[in-house]
Chemist: 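A single structure is presented below for examination.
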Amino acid sequence: MRVEDIVKYMAENIPRGRVGAVEKAVAFIIRDFKIWWTYKLWITLDVLSSLTFVATYYFVSMIVTPQALIDAGYAADYLTFSVIGISLQHYVFASVSSLSDAIREEQWNGTMETLLSSNTSFRVFLLGESAFRFIIGSYFLLASLGMGVLLGIRLLLTPGSITAALVLTILLVASHMVIGVLGAAMILKLKQGDPIVWAFSWLTQLFSGVLYPLGLLPDWLKWVGNAFPLTYSLDGLRRCLMNGEGFDSPMIMENTLKLVLFIVVVLPFSLWFFKKAYDSTRREGALGQY
Amino acid sequence: MNTAVETENLTKYFKGDGGKERIVAVDHVSLSIREGEFFGLLGPNGAGKTTLIKILCTLVIPDEGTARVAGFDVVKDAEKVRECIGWLHGETGGRALYWRLSARDNLKFYAYLQNIPKDVARRRIDALLEFFELDKDADRLVKDFSTGMKMRVMLARTLLSNAPILLMDEPTVGLDATGAIETRRLLQALCRELHKTIVFTTHNIFEAERLCDRIAVMNKGRVIAVDTPLRLSEITRKYMGVEVRFRGSAEEAVRILEGLRVVKRIISVESEEDHTVIRAEVRDEEQALSEIPKVFSLNGLRTIGVQVALPNLEEVFLSLTDEEK
Amino acid sequence: MNRLEVLKLFMVEEKRTKSSLRQLSAVVWSQLKMMLAYKSWLIMDLLSTFASVVMYYFVGMQVDPTRLSQSGWGTSYLAFSLVGVATSNYLWACLTRLSHSIQHEIRGGTLETIAVTPINMFIFFIGLTARGYLVSLIYLVGVFTVGVYGLGAKLSFTPQSLFLFITLFVLMLVSNQALGLVAAGIIMVYKRGDPLVFILAAVNEFLAGVLYPLELLKRFPAVQLLSMLFPYTYALDGMRRVLILGASILDLKVLTDIVVLGVFSIMLVPLGLKTLAWGYNRIRREGTTSSY
């Protein structure tokens, strides 16, 4: 094509259609999936290496006595207990931190500026980005639960417990997307490390009952776990999947309500916080900086 | 005079896409660069300039032929070669620094690797930082620097070791006009006054013309011509021609020139801001040079200058690479 | 400062004495300086050290002491896991750190700028591992301190047990770092495979029994056999015998562990050095000392 041809081509006036937020979010997901696909090897190996964790707890469960689980009202099966704990904890924080990584990478490559200058609101940007992370991150959840089933975890599935588990899973994802937004805002502002994501990650390991029931914590430490949606999600999902409980159980209802409350309170705050961070970096002209 | 850099049939192949194809990056290059010479490598993207430089600084091992730097073989005596060279890869745009170290720490680090005594290193680092106008930012992390500033840190790093042979791959990329001018002057002074050998690649033909004692034009891995900028213009001349600058009517001038026996044809007529330049092919240069001003003044045209028309380096370059095709 | 003043400074040729030690210390110094530029990371690392020990303390509360002692490791799961958790960081540092750092240097373009200075590249590579070793040391000391003084794990720290522990520990570092050299040499050439080393370390950690007694593997002879291929298995076994059971040099099992680790080291070190040299020359031949 010669210069004249291109000029002629560009001179044609094509009216722009309106692209809705959903279409844009979908465009993000497709783009991310294509990029993600180029990391096939990484992901396969990531799953494999994380499975060593499940295998490790298979052996740890052999020397554990289930008394503490029984005291906490769960079925007496440490393997199932720990596999659910590890796989969910890993899933949500892999997803949350990959959102932060994505934001940092966009900044690093300078694609963030291109993106936000292309007439896309930051909410659509965030929605697309984070939805993708949680969808694609679920491979790990499925792989580790599958591995658990192979090693003999026992799940009690009834229509009631499955329904409750699905609702709780959606709430788990939604509440952690909110945390992901907070983490992303921190990245924009601080341009390094993601203290929020990281702090959540190790605080939940300790206080959300990932590897042990919270009854084992001394009384003065038990309250810490209340701050994290993972605590409610884990307790609820374990009751569903290990005990077969459904929404008729008061504990399940309580956990569900607490999760909804968390989302309702923290979501507006985190969006506001991200907007603040986004605007202030724009004011500083540091959006594409790293 | 001694030879600083010498290559003989130097050849390097790389694997192409898929690994089957073999691409010749450097194709039987034989060069001899004198000590204290300012030597330019010119050529389009992918001509093999960077690979050639990388072989000279021991980063790439050649497949055939030999290369000697400061008398040492780049393969067998790689470590001795490294003691005599400073290398700069401008195209990296400031990436090849430790971004999490300050400018001063970057320089200190390389000074230690170069075995430069502590007090000498400190003095030189201070001097270079000041020269490159980095003294105020010397203790900030490099990651916060602009491209031009990073480039200046890289330049300082290259000069730090006071190596007799400087291999400068695009040293003025990313610098602003003043920075580029100052850098060119410094390089020139290093060459003239400290007799450093400078091997220099650039895309900026004007720069090469101004600085270099000799220029090698590369294309597709081969050196297609090596000579002084002036001689390169002469050998690529395709015709005898003159260039006349004058004030007055251009049509009138063309009519007059076409009437002269010594003029074969008019090649170009270009109007500059306040005068006109006509290039013409002639049968005899001497005759044309003396005849044209006389005839012009008889016809009321004011001649500003008349000279033998040599192609500038840009045209030389195009004509040489065109011949290749 | 003008051009002439700069020139003057370069007029005198200084005397240079080549000192590998000075070059090595320069590399280590720059690595540490860069590490300190990430202050928040360092604090996070220390906090998570603390968190992981506390986590295993609570996991240990669920462990049945009789089942643990049946496998011969005393009754304290905290003490048992402490030795594994404290040293496994070094396993990761030895196996993955160097290849990761080299990749980083290649991508940043700094490997080239170093390669053209008169430094012996092996010295540079050794210097690159410094950061991993230092962080792991902080981690090791932190884990032992929190575990022993904070949570009351009972480990035997006598002059003899410390001497044996250090012997086993050094042999573990040497043999695993040699494996790390092999990995680094290969990864330098192929520019990918980082994840392979990653999984190697993860599988190694699992097979060596960082969190459970290896006696439990008896049910799976194939897996048990696999675990015997890694030096870390022997190192961990020996270190636990010394620190938990207070075994002496006369203990046949400890002696076996030391000998096996010695054999691993003698075999792997030359292999590692050769692979690294091969990799470095290969990328110079292929012209891929930087890639971006």
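All chains are named by letter (A, B, ...) in the order of the sequence lines, taking the proteins before the strands, and each is independently numbered beginning at 1.
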Chemist: Could you check which of C:Y77, C:Y57, C:F206 has the highest count of heavy-atom pairs closer than 4.5 Å to chain A?
Modeler: C:F206
Chemist: So which part of A:Q205 gets closer than 4.5 Å to some heavy atom of chain C, the side chain, the backbone, both or neither?
Modeler: both
Chemist: Aromatic contact between A:F200 and A:F228, with the criterion being ring centroids under 6.0 Å apart: yes or no?
Modeler: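 Centroid separation for A:F200 and A:F228: below 6.0 Å.
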Chemist: C:P65 versus chain A, heavy atoms under 4.5 Å apart: side chain, backbone, both or neither?
Modeler: neither
Chemist: How are the rings of A:Y57 and A:Y78 set to each other: parallel, tilted or perpendicular (split at 30° and 60°)?
Modeler: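 The rings of A:Y57 and A:Y78 sit tilted, inter-plane angle from 30° to 60°.
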Chemist: Less than 4.5 Å to any heavy atom of chain C: does that hold for the side chain of A:L69, its backbone, both, or neither?
Modeler: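 Looking at A:L69, just its side chain touches chain C.
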Chemist: Relative to chain C, which segment of A:S201 carries a heavy atom at a distance below 4.5 Å: side chain, backbone, both, or neither?
Modeler: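 No part of A:S201 comes within 4.5 Å of chain C.
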Chemist: When you compare the side chains of A:T80 and A:Y74, does any donor N or O come within less than 3.5 Å of an acceptor on the partner?
Modeler: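 Side-chain D/A pair, A:T80 to A:Y74: absent.
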Chemist: With chain C as the partner, which of A:L217, A:V60, A:T56 has the greatest number of non-hydrogen pairs under 4.5 Å?
Modeler: A:T56
Chemist: A:Y232 and side chain to side chain contact (heavy atoms under 4.5 Å, CB included): which single residue from A:L237, A:N255, A:L172 fits?
Modeler: A:N255
Chemist: I'd like to know which of A:L216, A:L51, A:V64, A:I63 tops the heavy-atom pair count under 4.5 Å against chain C.
Modeler: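 Most heavy-atom pairs within the cutoff with chain C belong to A:I63.
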Chemist: Heavy-atom distance under 4.5 Å to chain A: side chain of C:F220, backbone, both or neither?
Modeler: side chain
Chemist: Is there a donor in the side chain of A:Q89 and an acceptor in the side chain of A:T204, or the other way round, less than 3.5 Å apart?
Modeler: yes
Chemist: If you draw a 6.0 Å radius around OH in A:Y139, do more than 12 non-hydrogen atoms from other residues or ligands fall strictly inside?
Modeler: yes
Chemist: Looking at C:I43, C:V59, C:V223, which has the largest count of heavy-atom pairs under 4.5 Å with chain A?
Modeler: C:V59
Chemist: If the threshold is 4.0 Å, N to carboxylate O, is there a salt bridge linking C:D237 and C:R241?
Modeler: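 Yes, charged N to carboxylate O under 4.0 Å.
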Chemist: Shorter than 4.5 Å, heavy atoms on both sides: which option in C:L207, C:V210, C:L217, C:T66 has the most such pairs with chain A?
Modeler: C:L217
